[in-house]
Each structure stands twice: as structure tokens, then as C-alpha cells.
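First up is the structure itself, then whatever we jot down about it.
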Amino acid sequence: MKAHDGLYIDGAWRPAAGQDVIDVVNPVDEQVIGRVPAGTVVDVDTAVRAARAAFPAWAATPPAERAARLGALRDVLVARKDEIAETVTAELGSPLPFSQNVHAAVPIAVAGSYAELAATYAFEEKAGNSTVYLEPVGVVGAITPWNYPLHQIVAKVAPALAAGCTVVLKPAEDTPLTAQLFAEAVHEAGVPAGVFNLVTGRGPVAGQALAEHPGVDLVSFTGSTAVGRQIGATAGAAVKKVALELGGKSANVILPSADLAKAVNVGVANVMSNSGQTCSAWTRMLVHRDQYEEAVGLAATAAAKYGDRIGPVVNAKQQARVRGYIEKGVAEGARLVAGGAEPPREQGYFVSPTVFADVTPEMTIAQEEIFGPVLSILRYEDEEDALRIANGTVYGLAGAVWAGDEGEAVAFARRLETGQVDINGGRFNPLAPFGGYKQSGVGRELGTHGLAEYLQTKSLQF
């Protein structure tokens with residue numbers, strides 16, 4: 001795979017301050033496919049200074065011109081969509097069709113949505129004898145994960161640029177090649193120098209330096225709740241704005257009136273998608289006691305069909321982590337009905353699609369985010385019991401409700417303590433706000449709500 005040996009700062013690829021590099025490993029065959037610089041504190045400072053210098057001119061650029069640059073970026077991503085998919089497949093291990101249909105297509109749609117929003121959004125409004133202006137926050141430090149490498153980048157960078165902010169991006173160590181490809185696309189789209197900057201590096205060094213830098217006005221982070229807490233504390237000490245999209249343990253609630261077979265099959269597919277490496281995955285399936293064993297049988301059959309076709313998890317550490325959770329589920333008394341801790345292949349970081357039955361709400365696998373292809377099926381007595389179980393974690397990112405009547409499903413969904421709920425298999429919407437309640441985060445991404453995160457408010461009274 002193509003890999004730059006420099007960092008994209010102030011409109012050009014520049015050597016890193018240090019000599020350390022990060023190996024990029026293909027999780028299918030465990031082979032090194034590229035090396036990128038491990039950026040230092042000095043590199044982060046250089047990038048932030050470039051973004052700071054570029055901010056006044058970009059903030060003053062008319063929204064229509066910012067929209068044009070975002071439209072050009074979308075067009076470049078469309079032209080390079082096959083290369084995007086191949087790159088994600090190489091460094092994440094995602095099967096190529098999924099990379100094409102999700103990892104490439106979704107961020108293209110999101111980029112297009114912000115090109116349109118930048119041109120139409122009301123950046124000023126009247127309020128009595130006041131004029132209210134919505135102005136860019138300033139320099140954004142964006143720290144993104146590896147599980148949806150391009151989508152997470154675009155979901156932060158596109159609204160930031162639409163708002164008039166400048167950006168320094170620190171992507172995940174496991175998937176930096178996709179980030180480099182994005183930097184090439186930004187350059188090709190004619191985004192002015194310094195408006196977007198890329199520093200590859202390790203979280204404890206480059207990520208921490210970016211979060212702590214006094215020249216950064218907002219930190220937008222997607223990743224684990226543990227790291228999110230650290231970033232929130234760092235930003236709080238500096239009275240710095242944050243947007244945090246963190247972990248999830250989402251419930252898929254199947255009410256008795258639902259089409260059970262459809263709800264179970266779609267639910268299993270949701271958990272196995274991207275090898276289970278989705279923060280919003282419906283990893284807890286809640287089924288009424290009278291339908292429980294039927295649902296367990298359906299889920300076991302559905303999971304067995306996937307085999308190793310879902311692809312590996314991202315690295316050896318993640319593989320060991322997921323296998324450890326499977327072993328803990330067995331040790332705590334859950335009934336293994338599909339898969340297990342033994343990997344389906346000797347080479348590569350594969351994990352067997354796994355389904356547990358007889359899971360109780362207090363079990364570790366029902367409370368903690370596993371981030372792998374592991375489904376827990378829980379039994380409930382009635383709707384109040386289902387609601388108690390669904391809301392009974394520290395997370396509140398996403399979820400699903402299935403019922404024979406849409407109104408019944410909506411009524412239940414409104415009582416869930418979570419940021420996004422799919423009703424009877426509702427489709428993904430790139431304009432809908434995405435983010436969590438409780439320890440699943442602060443703020444929202446996508447659509448107008450995502451754009452608002454990068455704006456601050458000023459009023460003039462007349």
C-alpha cells in the first residue's frame with residue numbers, strides 16, 4: 001500500500017521531527033503493509049500553529065466558498081472510492097464489499113451533506129432587538145478511531161470545515177493509510193494550506209499533545225470511554241470545549257408482537273457487521289420469556305452462517321481482548337450456543353461469531369463493551385422488565401425496538417435512555433444526530449446537530 005513518510009502540515013508533506021515509525025499490519029495475514037511517522041509533541045505544535053495561522057482567513061471565507069471546497073472534496077472521494085475501499089480492507093481487514101458499501105460510501109454521503117449544509121445553514125438570525133451570529137469555534141483537534149477510519153474522519157472534519165474551523169487530525173495508529181489518503185483528497189480539492197493538517201502518531205504522545213495544546217479550542221474524540229474521561233478532564237482544566245463519542249452496549253428490544261425471525265436475523269447481522277467493531281452495535285438482544293428459546297435457536301443458526309466471512313478484528317490485542325470476554329461469559333454461567341473463544345483460523349486476528357444465551361443483566365458480557373462479534377441474549381418478563389434491563393448499563397449510545405405496531409415501538413423507544421433508536425430495522429440516516437446519553441459521550445455528530453458542535457454564539461443588541 002502507498003504510505004507517505006511525512007506528515008501533512010500547512011498544505012504539504014513534511015518530515016516528522018523524530019525518526020520513530022508505526023508499522024501498519026494487515027490483520028488478515030499479519031503482514032506489514034506500510035510504515036508511517038510516529039508524530040511527536042513538536043509535530044503537533046507545528047500543525048496547531050499552522051491551523052492557528054490559517055484560521056482567520058478560513059473563518060472569513062464566505063460559506064458558499066467553504067461549501068464549494070467541501071463539494072470538491074466529496075467529488076475527489078467519489079473518484080477514489082475504489083482506492084478507499086481497498087485501503088480500508090488492507091489495514092482494517094474488512095471484506096471488500098463491506099468496505100465499498102459502507103467504509104467508502106457512507107463518508108462520501110456525509111461529505112456531500114455538509115457541502116449542502118455549508119451553503120444553506122443560517123449562520124445568523126434575529127432575536128428581538130438582537131442579531132445572533134454563529135461563528136466557528138477555532139482550531140479543532142480531531143482524534144479518530146480505527147473501526148470506521150474514513151467515516152469518523154469525515155464526520156469530524158467536514159462539519160468543522162463547514163463551520164469555518166481549521167483542523168489538526170490525529171488518526172488511529174492501526175489505520176493511518178486511510179487518513180493519508182484523505183489528506184491527499186483534501187489537497188486535491190483545493191482546501192487552503194493550514195486549514196487541514198494530519199499528524200499520524202500514538203495516542204499517549206501525539207493524541208495527548210493535541211488534547212493538551214493551548215492553541216486547540218475544541219477536542220473532538222471518538223473512542224473508549226476510559227480515554228474519553230481523560231480527554232474530558234484535560235479539556236476541563238483548560239475550559240476547552242469537547243465533543244466525545246464513546247462506548248456503547250446497545251439493546252435490541254424485541255417486543256412480543258414483532259416479527260421474531262426478522263428481528264433476530266437483522267439483530268445478528270448488526271452485531272456481526274464490521275466484525276463487531278461498532279460502538280453502536282446492538283450487542284444485547286432482549287426477548288420475551290415466551291419467545292426466548294425460539295429466538296436463541298434462530299440466532300445460533302444465523303451466526304453459524306457467518307464463519308470467518310465477517311473478517312478479522314483489527315489487531316492481536318483486540319483479538320485477545322474479545323476472546324477473553326468470551327471465556328469470561330462461559331465462566332460466569334452464560335450458555336454458549338454459537339462460536340466460542342477458539343479462532344476459526346490459525347493466521348490472522350479472527351474471532352468466531354459468538355452467541356450467548358441465558359445471559360443475566362449483571363454478567364460482564366451484558367455490561368461491558370466487547371467490541372467484537374459477540375451477542376448476548378437476555379430474557380425479560382414484561383415491558384417494564386425489558387426497559388429496566390435495556391437502561392441498566394452506564395452506556396446510552398444506540399438501540400433498536402421491534403414491534404408489530406410502529407406506535408407501540410415508538411412509545412417504548414421514547415423511554416430508552418439512548419441517543420439513537422432504530423424502529424423495526426430503520427435505515428441509517430447521515431443527517432440524523434448521532435451521539436450518546438450517560439457515559440456514551442457528550443455532543444452529537446452528523447447533520448445540523450453535528451455542525452452546531454463547531455460553532456459558538458455571539459449576540460449584538462441594537
Side-chain angles (χ1 to χ4, degrees), residues 63 67 70 74 102 105-123 125 134 136-137 140 142-145 147-148 150-165 167 218-223 225 228 231-232 241-252 270 278-282 390-391 393-401 406 409-410 412-457:
L70 285 167
R74 174 204 55 210
V102 176
V106 171
I108 288 171
V110 172
S113 74
Y114 280 113
E116 295 177 9
L117 268 177
T120 59
Y121 192 80
F123 289 96
E125 61 186 21
L134 300 175
V137 167
V140 173
I143 304 174
T144 56
N147 60 323
Y148 289 89
L150 186 59
H151 170 62
Q152 297 289 355
I153 290 171
V154 172
K156 297 182 188 304
V157 175
L161 299 190
C165 297
V167 180
L218 180 152
V219 181
S220 179
F221 169 79
T222 297
T225 296
I231 289 174
K241 191 175 181 182
V242 295
L244 304 174
E245 196 269 280
L246 307 175
K249 194 67 182 176
S250 301
N252 179 18
N270 176 277
T278 303
C279 52
S280 57
W282 312 332
N391 289 338
T393 75
V394 298
Y395 297 111
L397 186 57
V401 180
E406 185 176 286
V410 170
F412 189 92
R414 290 296 304 272
R415 300 170 71 193
L416 290 175
E417 297 169 352
T418 191
Q420 193 172 76
V421 184
D422 294 342
I423 302 297
N424 289 336
R427 294 180 295 109
F428 172 77
N429 178 7
L431 299 178
F434 180 76
Y437 287 25
K438 299 188 283 189
Q439 292 187 27
S440 284
V442 177
R444 293 294 182 267
E445 293 186 329
L446 305 179
T448 57
H449 296 81
L451 178 59
E453 296 292 332
Y454 300 93
L455 296 168
Q456 55 190 351
T457 305

Quick one, [X] and [Y] - any side-chain contact, counting heavy atoms below 4.5 Å?
| X | Y | answer |
| --- | --- | --- |
| Cys279 | Leu397 | yes |
| Leu455 | Phe123 | yes |
| Leu161 | Val167 | yes |
| Ser220 | Tyr454 | yes |
| Lys438 | Thr225 | no |

For this session: Give the intermediate values and the outcome of side-chain contact (heavy atoms from CB on, under 4.5 Å) for residues Ile143 and Ile231.
Result: CA-CA 10 Å; Ile143 304 174; Ile231 289 174; 4.2 Å; yes

Contact summary for [X] and [Y], nearest pair of heavy atoms:
| X | Y | result |
| --- | --- | --- |
| Gln152 | Thr222 | OE1-OG1, 3.6 Å |
| Leu70 | Tyr114 | CD1-O, 3.7 Å |
| Val154 | Pro159 | O-CD, 3.4 Å |
| Arg74 | Ala115 | NH1-CB, 4.4 Å |
| Ala122 | Leu134 | O-CD1, 3.7 Å |

Which residues satisfy the side-chain contact (heavy atoms from CB on, under 4.5 Å) test with [X], sequence neighbours excluded?
| X | value |
| --- | --- |
| Asn391 | Leu387, Leu416, Glu417 |
| Ala67 | Ala118, Ala119 |
| Asn270 | Ala281, Trp282 |

For residues 423-435, which side-chain donor-acceptor pairs fall under 3.5 Å, sequence neighbours excluded?
residue	atom	partner	partner atom	Å
Asn424	OD1	Ala403	N	2.9
Asn424	ND2	Ala403	O	3.2
Asn429	OD1	Leu431	N	3.0

Problem set entry | Residue pairs involving residues 440-449 (criterion side-chain hydrogen bond (donor to acceptor under 3.5 Å, both in side chains); sequence neighbours excluded) |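 As it turns out, the side-chain hydrogen bond (donor to acceptor under 3.5 Å, both in side chains) pairs with a partner in residues 440-449, which skip direct neighbours, are Lys156-Glu445.
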
Exercise. Going by atom types only, do Thr278 and Tyr148 share a side-chain donor-acceptor pair under 3.5 Å?
Worked result: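 There is such a pair (donor and acceptor under 3.5 Å, judged by atom type) between the side chains of Thr278 and Tyr148.
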
Problem set entry | Donor-acceptor contact present, side-chain Thr144 to main-chain Ile153, <3.5 Å |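 Looks like no, no N/O pair under 3.5 Å.
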
Under 3.5 Å, side-chain donor or acceptor atoms of residues 244-251 against the rest of the protein: list the pairs with distances, not counting sequence neighbours.
residue	atom	partner	partner atom	Å
Lys249	NZ	Ile365	O	2.9
Lys249	NZ	Glu368	O	2.9
Ser250	OG	Ala398	N	3.3
Ser250	OG	Ala398	O	3.1

Problem set entry | CD on Gln456 to SG on Cys165, rounded to 0.5 Å |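 Going from SG on Cys165 over to CD on Gln456, the span is 8.0 Å.
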
Exercise. Which value, rounded to the nearest 0.5 Å, describes the distance between Leu446 atom CG and Leu117 atom CG?
Worked result: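 One finds 10.5 Å between CG of Leu446 and CG of Leu117.
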
